[in-house]
Amino acid sequence: MLIVIVGLIIIYKIANPLGPVSENYFVLVMVILSGFFGFLGAIALLLRFGSGKYRRKFMYSFFAVANFCIGILSVLYAIKYKTGGILALLVYVFSLLIGCVMLADIFFGKRNSKFEQEMLIY
């Protein structure tokens with residue numbers, strides 16, 4: 001989670017529309033990030049439902065946290081500064097929704113074995 005937060009802070013500082021870069025560049029960067037991680041998160045979610053043992057892997061958890069953080073940052077930024085169009089907002093909400101579903105699956109999903117029932121995440 002720390003990696004995702006540090007990466008988002010760096011992107012926010014570099015592509016911030018209040019700085020020397022225009023706001024369209026920031027919207028473009030966030031749409032690309034949201035779409036990329038949303039697509040990879042959706043694939044990971046489909047793989048998880050295909051095989052039940054995929055939920056605890058690092059990449060699944062990383063995509064869940066990345067989608068959630070990018071979605072929250074993008075949606076809040078789009079609402080606060082009224083940037084981007086409806087399509088950009090839909091991509092942001094898609095990323096946020098995928099992240100929420102994946103995090104809910106990690107923390108509240110059905111446990112397959114007794115060991116998984118005793119240990120939440122290690």
Side-chain angles (χ1 to χ4, degrees):
M1 185 165 166
L2 185 63
I3 296 170
V4 173
I5 292 173
V6 169
L8 287 176
I9 288 172
I10 291 171
I11 289 172
Y12 185 74
K13 292 294 182 186
I14 291 173
N16 189 5
L18 301 177
V21 182
S22 72
E23 69 181 39
N24 291 334
Y25 179 71
F26 184 77
V27 170
L28 177 68
V29 168
M30 293 313 289
V31 165
I32 290 172
L33 277 177
S34 296
F36 178 71
F37 280 109
F39 177 72
L40 292 178
I43 289 176
L45 198 59
L46 290 175
L47 287 175
R48 188 265 178 257
F49 287 121
S51 64
K53 58 186 176 186
Y54 192 69
R55 183 176 58 225
R56 297 280 190 252
K57 302 296 182 192
F58 172 76
M59 290 307 291
Y60 186 77
S61 302
F62 177 76
F63 288 143
V65 171
N67 278 319
F68 184 75
C69 290
I70 290 171
I72 287 286
L73 177 70
S74 302
V75 168
L76 291 178
Y77 193 84
I79 291 172
K80 183 177 179 184
Y81 294 107
K82 296 180 179 43
T83 58
I86 190 70
L87 184 61
L89 191 60
L90 286 174
V91 172
Y92 300 156
V93 170
F94 172 71
S95 179
L96 179 63
L97 182 65
I98 291 290
C100 288
V101 168
M102 291 173 78
L103 285 174
D105 181 42
I106 289 170
F107 289 111
F108 305 114
K110 180 181 173 187
R111 308 289 183 242
N112 291 334
S113 67
K114 186 176 180 180
F115 180 73
E116 283 187 352
Q117 290 173 356
E118 294 171 3
M119 300 291 292
L120 183 59
I121 290 182
Y122 51 91

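Note that this is a predicted model, so its numbers are computed, not measured. Index from 1, following the sequence.
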Going by heavy atoms in the side chains, are [X] and [Y] under 4.5 Å from each other?
X	Y	result
L76	K80	no
F68	V65	no
F94	N67	no

Considering all heavy atoms, the nearest A44-Y60 contact: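 Scanning both residues completely, I find the closest heavy atoms to be O-CE1, 3.7 Å.
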Measure across I98 and A42 and return the closest heavy-atom pair with its distance rounded to 0.1 Å.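 What the structure gives for the nearest pair is CG2-N, 4.0 Å.
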Let me see the working for L103 and F108 under side-chain contact (heavy atoms from CB on, under 4.5 Å), right down to the final yes or no. CA-CA 8 Å; L103 285 174; F108 305 114; over 6 Å; no
Can you tell me how far apart [atom1] ([X]) and [atom2] ([Y]) are? Round to the nearest 0.5 Å.
X	Y	atom1	atom2	value
C69	L96	SG	CG	10.0 Å
S34	L73	OG	CG	8.5 Å
D105	M102	CG	CE	8.0 Å
I70	I32	CD1	CD1	12.0 Å

Taking side chain to side chain contact (heavy atoms under 4.5 Å, CB included) as the definition, give me every residue that meets it alongside L40, ordered by chain and number, with sequence neighbours left out.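 By the side chain to side chain contact (heavy atoms under 4.5 Å, CB included) rule, L40 matches F36, F63.
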Would you say V31 and L87 are hydrophobically clustered, going by side-chain heavy atoms of ILVMFWY under 4.5 Å?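 No, V31 does not connect to L87 through the hydrophobic network.
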